[in-house]
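We number each residue from 1, following the sequence as shown. A quick note: this is a predicted structure, and the numbers were derived from the prediction, not measured. Both ligands and their constituent atoms are indexed starting at 1 by order of listing.
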Amino acid sequence: MQPTGPLHIGHYLGVLKNYVKLQEDYSAYFMVANLHALTVFYTEYKKAHAFISPLVSDWLAAGLDPEKAVLFVQSDVPAHSELYTILSMYTPVSWLMRNPTYKEKQDNMDKDIDSHGFLGYPVLQAADILLYRPEFVPIGEDQLPHLELTREIARRFNYYNAEGGPLLSEPKALLSEFPKVTGTDGRKMSKSYGNVINLADSQEELSQKLKGMKTDTNRVRRNDPGTPENCPVFSYYDFFLPAEKEEVAESCRTASIGCKDCKQNVLEQLLQTLEPFRAQRVKCQSNPERINEILSAGADKAKNTARDTMNDLSNAMGLIKNYTL
Ligand code: SF4
């Protein structure tokens with residue numbers, strides 16, 4: 001997860017809840033991808049750095065447990081950059097150019113991200129994964145092409161360093177349900193679109209955002225019947241008020257409920273759902289020393305695994321320190 005801004009409810013509902021389940025069944029690694037954040041924050045990295053501690057507080061508040069999973073920051077494990085350099089040499093540029101996210105992000109960002117690093121970020125992503133020789137990567141269906149690229153890079157590396165069997169694993173997708181949360185403008189909730197409801201938003205901010213949320217554009221007047229399926233607010237009933245979903249859909253279609261009341265229902269439930277998380281979050285943030293300790297211990301564990309991989313790779317490739325051989 002990149003430290004590019006405060007987390008929003010899309011992260012909480014769609015990702016963090018899932019991570020918490022995964023740590024129970026797998027030996028899991030969760031990484032703050034601060035080097036990836038450089039693709040956007042390359043002129044002002046300190047801004048991204050300041051998001052790391054709050055991000056980890058959010059992880060802990062959501063239930064990630066450093067006793068069960070490895071929590072660490074990418075740049076604390078230099079092997080990520082080392083493996084990235086090596087894998088870059090095995091990755092044809094044409095593979096990177098066909099990455100659909102490359103074009104999409106460039107079109108949607110109001111910042112110049114036309115850099116070598118941005119083109120090559122899938123290789124860094126491959127290094128992040130392959131360094132731990134995992135069996136699975138928990139992803140949503142839309143990320144399958146990215147994982148396939150990682151598998152292709154691993155396969156190509158293994159092909160050219162075949163002696164002694166494959167060195168890098170070709171991890172499989174652990175298809176996880178990461179429900180997509182709609183943003184206030186009806187598009188997918190994303191920091192880059194500026195349509196997010198942040199976990200740290202005050203009650204007043206949450207209320208303003210809900211009030212300003214788009215609804216079915218056909219409901220111009222209170223008496224106009226609506227089509228709930230066309231309304232981003234309605235999608236929140238899935239998360240916060242599933243039991244009332246059918247009833248409110250009918251009320252919307254018959255115009256027996258106004259958008260103001262409909263939004264108020266969501267707001268109240270949103271506040272109630274987030275309350276325990278928010279309380280826990282404040283507690284975690286008040287103890288930055290603990291966060292530092294957790295990340296430091298996590299980096300040590302990650303380094304141990306990474307060192308084994310890099311030793312095997314270095315030996316196989318001949319990148320060893322004895323220059324008199
Ligand atoms: S009543 Fe609710 S579901 Fe219907 S358009 Fe208004 S906000 Fe959306």
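The ligand atoms of ligand 1 that sit less than 4.0 angstrom from a heavy atom of Asp216 are 5 (S). Residue Thr215 approaches ligand 1 through these ligand atoms, each under 4.0 Å from one of its heavy atoms: 5 (S), 7 (S). Remark: ligand 1 atoms within the under-4.0 Å shell around heavy atoms of Phe234 are 3 (S).
The cationic atom of Arg281 (NZ for Lys, CZ for Arg) does not lie both less than 6.0 Å from the six-membered ring centre of Trp59 and within 45° of the ring axis. Judged by a 6.0 Å distance limit and a 45° cone about the ring axis, Lys245 is not positioned over the six-membered ring of Tyr237. Remark: Arg187 is positioned above the aromatic ring of Tyr193, its terminal NZ or CZ atom under 6.0 angstrom from the ring centre and at most 45 degrees off the axis.
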Step-by-step side chain to side chain donor-acceptor pair (under 3.5 Å) determination, His36 to Asp128: CA-CA 10 Å; His36 282 280; Asp128 299 334; 2.8 Å; yes
Yes or no on side chain to side chain donor-acceptor pair (under 3.5 Å) for Asn161 and Tyr90, after CA distance, side-chain angles and deciding distance? CA-CA 11 Å; Asn161 298 279; Tyr90 290 84; 3.2 Å; yes
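Scanning all protein heavy atoms for the shortest distance to atom 1 (S) of ligand 1 gives Arg219 NH1, 3.1 Å. Regarding atom 8 (Fe) of ligand 1, its nearest protein heavy-atom neighbour is Cys231 SG, 2.3 Å. Of the protein's non-hydrogen atoms, the one nearest atom 6 (Fe) of ligand 1 is Cys259 SG, 2.3 Å.
Here Cys262 reaches atom 2 (Fe) of ligand 1: one of its N/O/S atoms is less than 2.8 Å from the metal. Among the backbone and side-chain atoms of Cys252, no N/O/S atom is found under 2.8 Å from atom 6 (Fe) of ligand 1.
Taking the six-membered ring where tryptophan is involved, the planes of Tyr121 and Phe118 are essentially parallel, since the angle between them stays under 30° and well short of 60°.
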